[in-house]
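Quick one: this structure, given as structure tokens, is what I'll be asking you about.
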Amino acid sequence: MTGVVVDGVTKAFGATPVLHGVSLTAPVGTLTAVLGRSGCGKTTLLRIVAGFDRPDTGTVVVQGRPVAGPGRVLPPERRGIGYLTQEGSLFPHLTVAANVLFGLPWRERRRGDARVAALLETVDLEPSLARRHPHELSGGQQQRVALARALAPEPAVVLLDEPFSSLDAGLRADTQRAVVKALAAAGATALLVTHDRAEALGLADQVAVMRDGVIAQVDAPGTIYRDPVDPHVGTLVGDAVLLDGRHDGAGAVSCALGVLAARPGRAGIPVAAGPVRVLVRPEQIGVGTAGGGVRARVRSRDFRGPDATVELDLEAPGALGAEVVTARLPGDAAVAPGDDVPVTVRGAVTVYAV
Ligand SMILES: Nc1ncnc2c1ncn2[C@@H]1O[C@H](COP(=O)(O)OP(=O)(O)O)[C@@H](O)[C@H]1O
Ligand SMILES: [Mg+2]
């Protein structure tokens, strides 16, 4: 049995189509990140899974049970789904304890103290916070309370709509950790919507990239980062240098960065020799004293502490023309604007037929 299966879901608002046939399978007990730009339809997808909106066509199956599809609509409260919004939306006039118990039937709310304490512990909060009101909590604490409330009815599926985007960086990392731990402890199947690639790659078991109302690729974080199906997915999941190149048909590509080992994108290898698009990750590019590679002039250096972003002017040989590429170098790399440096590329680069 799978946790959530969305199959061929379309949705338009008036004359504006938003979802064009979304298909996505979330295995039981796993965390799937749905990654896409703002406005691409992520919230619409979650609302359809939750039951707040109906799909125009297509089906949704939750824990083996069809909940939306032709002639069938199960109301949200009967789907066994917890929903966590961006703001958490706690009731401001209720204590933390009352917020957490809010979704439970009356008979379960009696003797709720132990339940509240256990749920707060799950989300890494002190039991003493139970008596406070939301305004007496930090943003991260509020989000954890909202998650505790969503988990209280023990839903099999939890939907999280950009739950960390309003938190500042320090709080965000702690809150993310607590939330992922709580979801795992609850054994819940989770769909986490985000436009933050680091969050998607860092937290999820699988990342689904959403684009133009469809899912462009679903894969494990390492796979989707290394083997994106096309250059666009590649740039959505990480910084990328895209170059024109020529594949020799035997696993080597020549481009402005030299002759490099080529790996096919997941969509398939361009077996034929010919023009290709080349995707290189900035951290694959190095500069050093070792000769052999192409040469470049350092255009700028943006120091970030552990690493530095360095723009390199490449003088490409032949007809490929000059290119500017961005490399991510260790912060202590001794390069300065104006330096003339040899450039090397570590590992294989991904090529796409054009
Ligand atoms: N209830 C609605 N009525 C009309 N248009 C909507 C409605 N909800 C969302 N949209 C539109 O659908 C598109 C996708 O919205 P949304 O699912 O919220 O995207 P995301 O969550 O990825 O930012 C947007 O263009 C948005 O304006
Ligand atoms: Mg949204």
Side-chain angles (χ1 to χ4, degrees), residues 4-26 31-60 62 67-69 73 75-76 79 81-90 139-140 142-143 146-147 149-150 155 157-168 172 175-176 179-180 183 189-204 206-219 221 224 228-230 232-238:
V4 177
V5 183
V6 176
D7 189 19
V9 162
T10 66
K11 179 73 182 174
F13 292 107
T16 313
V18 175
L19 304 182
H20 295 272
V22 169
S23 298
L24 178 64
T25 297
L31 173 57
T32 299
V34 178
L35 174 68
R37 296 225 164 90
S38 181
C40 77
K42 303 182 297 296
T43 296
T44 303
L45 173 63
L46 280 200
R47 289 178 55 83
I48 286 172
V49 174
F52 303 133
D53 277 322
R54 288 185 186 195
D56 296 335
T57 63
T59 58
V60 179
V62 173
V67 298
V73 184
R79 293 190 179 192
I81 289 180
Y83 200 119
L84 182 58
T85 61
Q86 191 165 340
E87 312 79 31
S89 334
L90 295 175
Q142 289 182 28
Q143 279 303 67
L147 178 70
R149 182 177 64 183
V157 172
V158 178
L159 309 177
L160 306 106
D161 194 350
E162 313 224 18
F164 312 114
S165 57
S166 60
L167 307 177
D168 60 52
R172 192 182 305 148
T175 311
Q176 285 172 335
V179 165
V180 169
L183 290 170
T189 305
L191 292 183
L192 168 75
V193 153
T194 181
H195 63 267
D196 181 335
R197 50 164 80 138
E199 183 172 302
L201 294 172
L203 302 185
Q206 62 173 8
V207 176
V209 167
M210 193 166 175
R211 174 177 71 195
D212 300 335
V214 299
I215 302 292
Q217 183 173 3
V218 186
D219 264 312
I224 205 165
V229 289
D230 57 42
H232 185 264
V233 170
T235 53
L236 263 173
V237 297

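Note that ligands are numbered from 1 as they come in the structure, with each ligand's atoms numbered from 1 the same way.
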Review point. When you measure from atom 21 (O) of ligand 1 to each heavy atom in T16, T43, V193, which option holds the nearest one?
Key: T43

Practice item. For L201 and V237, work out which heavy atoms get closest and say how close. Key: CD1-O, 3.3 Å

Check your understanding: Is R47 near ligand 1, meaning one of its heavy atoms is under 4.0 Å from it?
Key -> no

Review point. Which protein non-hydrogen atom lies closest to atom 25 (O) of ligand 1, naming both residue and atom, and how far is it?
Key: G39 O, 4.1 Å

Practice item. Classify the contact between H195 and ligand 1 as side chain, backbone, both or neither, using a heavy-atom distance cut-off of under 4.0 Å. Key: neither

Review point. How far is atom 16 (P) of ligand 1 from its nearest protein heavy atom, and which residue and atom name does that atom have?
Key: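 Nearest protein contact, heavy atoms only, for atom 16 (P) of ligand 1 is T44 OG1, 3.7 Å.
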
Practice item. Measure the distances from the heavy atoms of G36 to every atom of ligand 1 and state whether one is below 4.0 angstrom. Key: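 In this structure, G36 fails to qualify as a contact of ligand 1 - no heavy atom is under 4.0 Å.
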
**Study point:** Distance from atom 1 (N) of ligand 1 to nearest protein heavy atom, with residue and atom
**Key:** F13 CE2, 3.6 Å

Exercise for review: Without swapping roles, check the side chain of D56 against the backbone of A12 for a donor-acceptor pair under 3.5 Å.
Suggested key: yes

Check your understanding: Which atoms form the tightest heavy-atom contact between V6 and V22, and what is the distance?
Key ->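 Nearest heavy atoms, V6 then V22: CG1-O, 3.3 Å.
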
Revision key, fill the gap. Heavy-atom closest pair (K42 atom, G39 atom, distance to 0.1 Å) is NZ-N, 4.4 Å

Practice item. Show which atoms of ligand 1 fall inside a sub-4.0 Å distance from at least one heavy-atom site of R37. Key: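 So the answer, numbered in order with elements, is 22 (O).
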
Check your understanding: Below 2.8 Å, any N, O or S contact between T43 and the Mg ion (ligand 2)?
Key -> yes

Practice item. Say whether, by atom type as modelled, one donor and one acceptor occur between the side chain of R79 and the main chain of V49 under 3.5 angstrom. Key: yes

Check your understanding: Which atoms of ligand 1 are found less than 4.0 Å from any heavy atom of V18?
Key ->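 Listed by number with element, the hits are 12 (O), 13 (C), 14 (C).
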
Exercise for review: Tell me yes or no: between the side chains of T175 and Q143, is some donor less than 3.5 Å from an acceptor?
Suggested key: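 Checked: T175/Q143 side chains show no N/O donor-acceptor pair below 3.5 Å.
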
Check your understanding: Among protein heavy atoms, which sits nearest to atom 19 (O) of ligand 1, and what does the distance come to when rounded to 0.1 Å?
Key -> G41 N, 3.2 Å

Exercise for review: Would you indicate whether the side-chain heavy atoms of P163 and L192 approach each other to under 4.5 Å?
Suggested key: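 Of all side-chain heavy-atom pairs linking P163 with L192, at least one is under 4.5 Å.
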
Practice item. Kindly give the heavy-atom pair with the smallest separation between I224 and V207, and that separation in Å. Key: CD1-O, 3.6 Å

Practice item. Specify whether the nearest protein heavy atom to atom 27 (O) of ligand 1 is under 4.0 angstrom away. Key: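 When distances to the protein are checked, atom 27 (O) of ligand 1 has no heavy atom within 4.0 Å.
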
Check your understanding: Any non-hydrogen protein atom below 4.0 Å of atom 14 (C) of ligand 1?
Key -> yes

Review point. Side chain of T32, backbone of Q206: donor and acceptor closer than 3.5 Å?
Key: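 Not a single qualifying donor-acceptor pair exists.
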
